[in-house]
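A quick write-up on the structure given underneath.
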Amino acid sequence: MTITDPNTYKLLTPGPLTTSISVRKEMLVDRCTWDDDYKQMTQFVRRELLKLAHADESAYSTVLMQGSGTFGVESVLSSAAGKNDCVLVPVNGAYSERMCQILERHGIAYVREDFGWDERVDATRLEDALAAHPEVTILSIVHNETTSGLINDLESVSRVAHEHNLMFIVDAMSSFGAVDVDVAALGIDFLISSANKCIQGVPGFSFIIARRATLEATEGRARTISLDLHAQWRTMQKDDGKWRFTSPTHVVAAFAQALKELHCEGGVAARGRRYSASNKKLREGMRALGFEPFVSEAFQGPIITTFLYPQGRTLDFHHMHGWLKEHGYVIYPGKLTDRDTFRIGNIGEIYEDDVEKILALFAQYCEEFLK
Ligand SMILES: *Cc1c(COP(=O)(O)O)cnc(C)c1O
């Protein structure tokens, strides 16, 4: 396949996702990690991310971390929590569940507050949990639960964190870059996202937007060498953009290009509008075909939608997935434990005409196979 070839199929999965040819093209150059050009690229990425987060360089700093998004989450949780800290985790999907697994594994004290997976995190219930657990010092939440497509309300939750003087950690993996998150105004201490979500880069690293004062206070707390957030930051600062260990050079170059393309599209607001429009059209079109969304419209985020299997008809996901792939689109299996669902993501290089094609394909599939 030459680089001018389009994809044989497009990904309706929220990372990896369909990237532009120009983003992919950046990966054709082999770059040297200690070269000034490359370090400047790293610094450009760090600065641009701060701007997207509305964070001033005097109070915030970006740390890039090798690995997928989970590595970023584990880096923050295992580096920021001290021996006497206790983390409150509101759980309403697989990614908040994973935060608990990470805390468990590292032997970090935590309290989980469970919500339905089609239910938003409720600030009042967090207040109750805090009243029952005065030992809590950190609040860690997932913004957009990619499990279901539900988006949590950061503002009400941030108020709880602020009022109780808690360190505030946000996994904004699948929202950052498409949903405006004002890190400073929300008083976020650590925001985590990754290269292959709404910024539309390729997989290979995560990034953390950290409040400097909080980050500085975490020195020496890390429980691992490779995910030591403070050590990673210190090297990037001291050596002006040098990564601590081998950096994913191709991925960083692609990401720098993706950031430029986000800017050209009109920034976070414009990208958010494109995603929201696609998401709405998909929800409505699929519903008309008999596929009910799992999450109510009020809680639905603009990134991915979970659809229930149509009632009274047998659906073979494997077959449907294969048929759609042959016709140019790859969908995602469901991630709910108790309901039969599948998911359609709409982030990446997916536009209105794609949505129309996808809906036409589903209509055809229903006609031929879902009698
Ligand atoms: C993608 C994602 C992650 C990270 O998953 P990886 O598979 O490690 O990239 C974490 N949280 C949320 C909400 C996500 O969407």
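Atoms considered below: every heavy atom in the structure, side chains included; atoms not considered: hydrogens, waters and symmetry mates.
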Can Glu261 and Ser20 be counted as having a side-chain donor-acceptor contact under 3.5 angstrom?
-> yes
Partner residues of Glu284 under the salt bridge (charged side-chain N to carboxylate O under 4.0 Å, His left out) criterion, sequence neighbours left out = Lys280
Is the His319 ring parallel, tilted or perpendicular to the Tyr365 ring (thresholds 30°, 60°)?
-> tilted
Any chance the side chains of Tyr329 and Asp354 put a donor and an acceptor closer than 3.5 Å?
-> yes
Cation over ring face, Arg120 and Phe115, 6.0 Å, 45° = no
Side-chain donor-acceptor pair present, Ser96, Glu145, cut-off under 3.5 Å | yes
Decide yes or no for Glu113 and Leu126: does some side-chain heavy atom of the first lie under 4.5 Å from some side-chain heavy atom of the second?
-> yes
Residues two or more places apart in sequence or in another chain: which of them pass salt bridge (charged side-chain N to carboxylate O under 4.0 Å, His left out) with Arg31?
-> Glu26
Please determine, by modelled atom types, if Arg221 and Ser79 share a side-chain donor-acceptor pair under 3.5 angstrom.
-> no
Mind telling me whether Phe342 and Tyr309 have parallel, tilted or perpendicular rings, with 30° and 60° as the class edges?
-> tilted
Derivation of the side chain to side chain contact (heavy atoms under 4.5 Å, CB included) call for Lys10 and Val330 | CA-CA 6 Å; Lys10 290 187 180 178; Val330 171; over 6 Å; no
Verify whether one side chain among Thr305 and Arg343 offers a donor that lies under 3.5 Å from an acceptor in the other.
-> no
Arg274 to Tyr351 six-membered ring, cation-pi geometry met (6.0 Å, 45°) = yes
